[in-house]
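Encoded as structure tokens, the structure appears first; notes follow it.
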2 protein chains.
Amino acid sequence: MSHSMARDLDLVFAALADPTRRRILAMLLEDDMAVTDVAAPFEMSLAAVSKHLAILAGAGLISQDKRGRLKWCQLEPDALREAAIWMQGFGQIEPINLDAFERFLEAEFGTGEDARQGG
Amino acid sequence: MSHSMARDLDLVFAALADPTRRRILAMLLEDDMAVTDVAAPFEMSLAAVSKHLAILAGAGLISQDKRGRLKWCQLEPDALREAAIWMQGFGQIEPINLDAFERFLEAEFGTGEDARQGG
DNA sequence: ACGTTATTCAACCCCGGGGTTAAGTATGTC
DNA sequence: GACATACTTAACCCCGGGGTTGAATAACGT
């Protein structure tokens, strides 16, 4: 919570507004991944996915750690937490509901096996 | 939860990605308002605010009820709920935390008296 | 009917998003 | 050094977002 919170929220929500990026987040929920592996399931260029990752990183939703020539991408839930708190004030959201979340993943990405290969 | 959930999320998050629209939501949290009253505190044209409201309505975040020549805008927390559930899966968000929310409103909009004129 | 108030629509401007391909930069391997 | 792998940057295209102003529509008041 350093500088401008409004600006942070802009970036976080804008980042979440793209289905490709949400799917990437779902993939990273499973495990850290290198850029090329993140890009694999998508039918778009590596450059496009790289841009998406940059946007996610810019919003603080992921961190990227370059080890050797691989750049590992890791989920950073804190940024989401900020945004979620903002939303909770409006929605009166119930306490954490992982079941609902699983259903959402499935609805968004099919069976969910795509995003959660490990099962 | 009618047609495409992913599309809904696109619209909801895109709508939330703009500070003007978030501020409008905060205003509507206080009370239903007609378009002109919503527009009053903003330094932009009425047409611009009207567009913002259309985007919020398109995302299902507000409803608009035309009574006479006034169009009343009302917060619709359900759309937010969908999105918040999506986020909860990542952030392990704690149960509802109104205090945190108040602080966010203040951080975003000053003392908060702007958005919550009533106190 | 007329003017006024409330709101949207249309046309326009500028800018940035999401995609492309091609070239550039690191890093690892032989 | 040379080649391959991993990733980013640059240049470009197209489209839509956020803002403007000005005209159009809708409902109220007299």
Side-chain angles (χ1 to χ4, degrees), chain A residues 4 6-28 31-74 108-109, chain B residues 4 6-28 31-74 108-109:
Chain A
S4 165
R7 182 136 204 80
D8 288 353
L9 285 180
D10 286 5
L11 295 175
V12 170
F13 285 129
L16 294 177
D18 185 285
T20 298
R21 289 193 289 265
R22 288 199 304 276
R23 190 169 161 200
I24 290 174
L25 292 179
M27 291 165 63
L28 293 179
D31 244 330
D32 297 3
M33 298 178 77
V35 175
T36 302
D37 295 322
V38 170
F42 294 97
E43 292 189 351
M44 70 180 68
S45 70
L46 182 62
V49 173
S50 177
K51 281 190 192 175
H52 281 302
L53 289 169
I55 289 173
L56 288 170
L61 289 167
I62 67 169
S63 59
Q64 294 183 288
D65 179 21
K66 183 161 188 177
R67 285 201 293 270
R69 58 180 165 177
L70 298 186
K71 199 163 184 179
W72 292 93
C73 304
Q74 186 182 5
E108 267 216 298
F109 310 123
Chain B
S4 164
R7 184 138 203 77
D8 288 353
L9 285 179
D10 286 4
L11 294 176
V12 170
F13 285 129
L16 294 176
D18 184 286
T20 298
R21 289 193 290 264
R22 288 199 305 276
R23 191 169 159 199
I24 289 174
L25 291 179
M27 292 164 64
L28 293 178
D31 244 328
D32 297 4
M33 297 177 77
V35 175
T36 303
D37 294 323
V38 170
F42 295 97
E43 291 188 353
M44 70 181 66
S45 69
L46 183 61
V49 173
S50 177
K51 280 191 194 176
H52 281 302
L53 289 169
I55 290 173
L56 288 170
L61 289 166
I62 67 169
S63 59
Q64 293 184 290
D65 180 20
K66 183 159 186 177
R67 286 201 291 270
R69 57 182 167 178
L70 297 186
K71 200 164 184 178
W72 292 92
C73 304
Q74 185 181 6
E108 266 215 299
F109 309 122

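Naming: A, B, ... by sequence-line order, numbering from 1 per chain. Owing to the predicted nature of the structure, the values given are computational and were not obtained by experimental measurement.
Taking each heavy atom of A:Pro19 and B:Asp10 in turn, the nearest pair found is CD-OD1, 3.4 Å. Contact record, B:Ala15 with B:Ala59: CB-CB, 3.9 Å, taken as the closest heavy-atom pair.
Rounding to the nearest 0.5 angstrom, the gap separating the NE2 atom in A:His52 from the CD1 atom in A:Ile62 is 11.5 Å.
Close to D:dC7, at under 4.0 Å from its OP1 or OP2, lies no side-chain N or O of A:Ser50. A sub-4.0 Å separation between OP1 or OP2 of D:dG18 and a side-chain N or O of B:Arg21 is present. Put simply, B:Lys71 has a side-chain N or O that comes within less than 4.0 Å of OP1 or OP2 on C:dT8. Distances shorter than 4.0 Å separate none of the side-chain N or O atoms of B:Ser45 from OP1 or OP2 on D:dT21.
Across the protein-nucleic acid pair, B:Leu70 atom CG and D:dA26 atom P stand 16 Å apart, rounded to whole Å. Between the CD atom of B:Glu43 and the P atom of D:dT20 there is a distance of 10 Å, rounded to whole Å. Rounded to an integer number of Å, the gap from B:Phe42 CZ to D:dG19 P is 10 Å. A straight line from NZ of A:Lys51 to P of D:dT8 spans 12 Å, rounded to a whole angstrom. Put simply, NE2 on A:His52 is 16 Å from P on D:dT9, counting in whole angstrom units. Rounded to whole angstrom, the span from the CD1 atom of A:Ile55 across to the P atom of D:dT9 amounts to 13 Å. Distance B:Trp72 CH2 to D:dA27 P: 17 Å, rounded to the nearest Å. Between the CG atom of B:Leu56 and the P atom of C:dT8 there is a distance of 12 Å, rounded to whole Å.
Picking from C:dT8, C:dA6, C:dG19 the nucleotide with the shortest atom distance to the side chain of B:Thr36 gives C:dA6. Distance from the side chain of A:Lys66 is smallest to C:dT27 among D:dT20, C:dT27, C:dG18. Counting only heavy atoms from C-beta on, A:Leu46 has its side chain closest to D:dT8 among D:dT8, D:dG22, C:dA11.
Ranked by how close their nearest DNA chain C nucleotide is to the 5' end, A:Met44 and B:Val35 are led by B:Val35.
At a threshold of 4.0 angstrom between heavy atoms, the contacts of B:Ala34 are confined to the sugar-phosphate backbone, with no base atom among them.
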Practice problem: Show the numbers, then the answer: is there a side chain to side chain contact (heavy atoms under 4.5 Å, CB included) between A:Met27 and A:Phe42? | Solution: CA-CA 12 Å; A:Met27 291 165 63; A:Phe42 294 97; 3.8 Å; yes
Self-check item: Verdict with reasoning, A:Leu25 to A:Leu16, per side chain to side chain contact (heavy atoms under 4.5 Å, CB included)
Solution: CA-CA 9 Å; A:Leu25 292 179; A:Leu16 294 177; 3.6 Å; yes
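Counting distance only, with no hydrogens placed and no angle test, the side-chain atoms of B:Arg69 and the base atoms of C:dT7 include no donor-acceptor pair under 3.5 Å.
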